[in-house]
Amino acid sequence: QKEVEQDPGPLSVPEGAIVSLNCTYSNSAFQYFMWYRQYSRKGPELLMYTYSSGNKEDGRFTAQVDKSSKYISLFIRDSQPSDSATYLCAMSLSYNQGGKLIFGQGTELSVKP
Amino acid sequence: DTEVTQTPKHLVMGMTNKKSLKCEQHMGHRAMYWYKQKAKKPPELMFVYSYEKLSINESVPSRFSPECPNSSLLNLHLHALQPEDSALYLCASSQASGRIYNEQFFGPGTRLTVL
């Protein structure tokens, strides 16, 4: 079993839809949770960063962490064609791990005009 | 300036060549990383430098040799690579205190092809 599971998709939605992207994990010691967006042939871009459980909102993006269920989500409201990309969840242990991120497989999202 | 730059963008090399990838950041970050990414896969960590010292080597073959000449620069020296080493090589940087290790900023990558 992988430490972090993420459905690779592809996921196709119409413009304006609400998108829900999810990851589950097995290691209850993970404390830091991130979402990266990666456009084709580009480097990943940090979208959201959360510590422990709870919600964080930034514009059209909301990140949720449920540590009791070992489940994290990224919601995209009013999705746009420019949101078409691969979304990677990532997580890590305490800062003593020195920056080692564990990535999910990535979900490929396509937003159709 | 919140940018990590990488050169070259593309590199084609033979198995007997020696080449280097370069990465630069001017965000004052003291942790820098090399990742390898194959198509439709997540990035795989190769090396971490913290305060210019190698802190993590993920059992990478010796044909990959990292170097951190100063706090802004990171190099990856390549020698005697195999075709299966063809991939996108990503550099990232972050602050290096407390939990801020995790907010890693990535460069655009170097697409490497080994013939």
Side-chain angles (χ1 to χ4, degrees), chain A residues 2-11 21 23 25 27 29-52 54 56 58 63 65 72 85-110, chain B residues 2-7 9-10 21 23 25 27 29-51 53-59 74 87-113:
Chain A
K2 292 195 179 92
E3 276 193 286
V4 179
E5 298 275 2
Q6 183 177 7
D7 186 338
L11 179 63
L21 304 167
C23 289
Y25 61 94
N27 190 341
F30 285 137
Q31 295 188 51
Y32 304 96
F33 304 92
M34 287 134 277
W35 286 95
Y36 283 87
R37 176 175 64 195
Q38 186 171 24
Y39 291 113
S40 182
R41 309 181 84 81
K42 303 285 187 187
E45 172 193 1
L46 181 61
L47 276 180
M48 301 289 279
Y49 175 91
T50 51
Y51 169 65
S52 197
K56 185 173 182 179
D58 184 1
V65 174
I72 69 170
T86 295
Y87 290 80
L88 294 149
C89 64
M91 44 199 81
S92 70
L93 303 172
S94 74
Y95 66 85
N96 289 328
Q97 295 297 310
K100 184 169 179 177
L101 301 182
I102 311 299
F103 284 91
Q105 287 296 105
T107 299
E108 188 180 341
L109 171 68
S110 177
Chain B
T2 58
E3 194 177 354
V4 176
T5 59
Q6 289 187 245
T7 54
K9 286 189 170 58
H10 302 276
L21 309 184
C23 173
Q25 57 88 14
M27 294 180 275
H29 289 168
R30 301 305 297 271
M32 296 186 76
Y33 311 77
W34 280 115
Y35 286 85
K36 173 182 176 180
Q37 187 177 27
K38 295 282 229 180
K40 297 196 180 297
K41 296 288 186 186
E44 293 175 44
L45 183 65
M46 299 174 73
F47 304 103
V48 181
Y49 273 83
S50 180
Y51 292 90
K53 289 193 182 344
L54 184 64
S55 57
I56 295 178
N57 176 343
E58 289 287 285
S59 303
L74 186 66
L88 182 68
Y89 287 83
L90 294 161
C91 174
S93 72
S94 73
Q95 293 187 44
S97 62
R99 69 189 196 195
I100 310 175
Y101 263 120
N102 304 299
E103 292 186 275
Q104 295 181 23
F105 295 86
F106 283 81
T110 293
R111 189 158 299 279
L112 174 68
T113 302

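All chains are named by letter (A, B, ...) in the order of the sequence lines, taking the proteins before the strands, and each is independently numbered beginning at 1.
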### Summary
If one checks every heavy atom of B:E44 against chain A at 4.5 Å, the contacting part turns out to be neither
### Query
Tell me, side chain or backbone of B:Q37 under 4.5 Å from chain A's heavy atoms, or both, or neither?
side chain
#### Entry: Minimum side-chain heavy-atom gap B:Y33-B:I56 below 4.5 Å
no
#### Entry: Least distance between heavy atoms, A:K56 atom then A:T50 atom
CB-CG2, 3.5 Å
#### Entry: Heavy-atom proximity to chain B below 4.5 Å, by part of A:Q6
neither
### Query
With under 30° as parallel and over 60° as perpendicular, where do the rings of B:F106 and A:Y36 fit, or are they tilted in between?
perpendicular
### Task
Flag the pair B:W34 / B:C91 as yes when at least one side-chain heavy-atom distance between them is below 4.5 Å, and no otherwise.
yes
### Query
Taking A:G106, A:G43, A:P44 one by one, which has the highest count of heavy-atom pairs under 4.5 Å against chain B?
A:P44
### Query
At a heavy-atom separation under 4.5 Å, does A:E45 approach chain B through its side chain, its backbone, both, or neither?
neither
### Task
Let me know if A:Y39 has heavy atoms under 4.5 Å from chain B in its side chain, its backbone, both or neither.
neither
### Query
Would the number of heavy atoms belonging to other residues, nucleotides or ligands and lying under 6.0 Å from NZ of B:K41 be above 12?
no
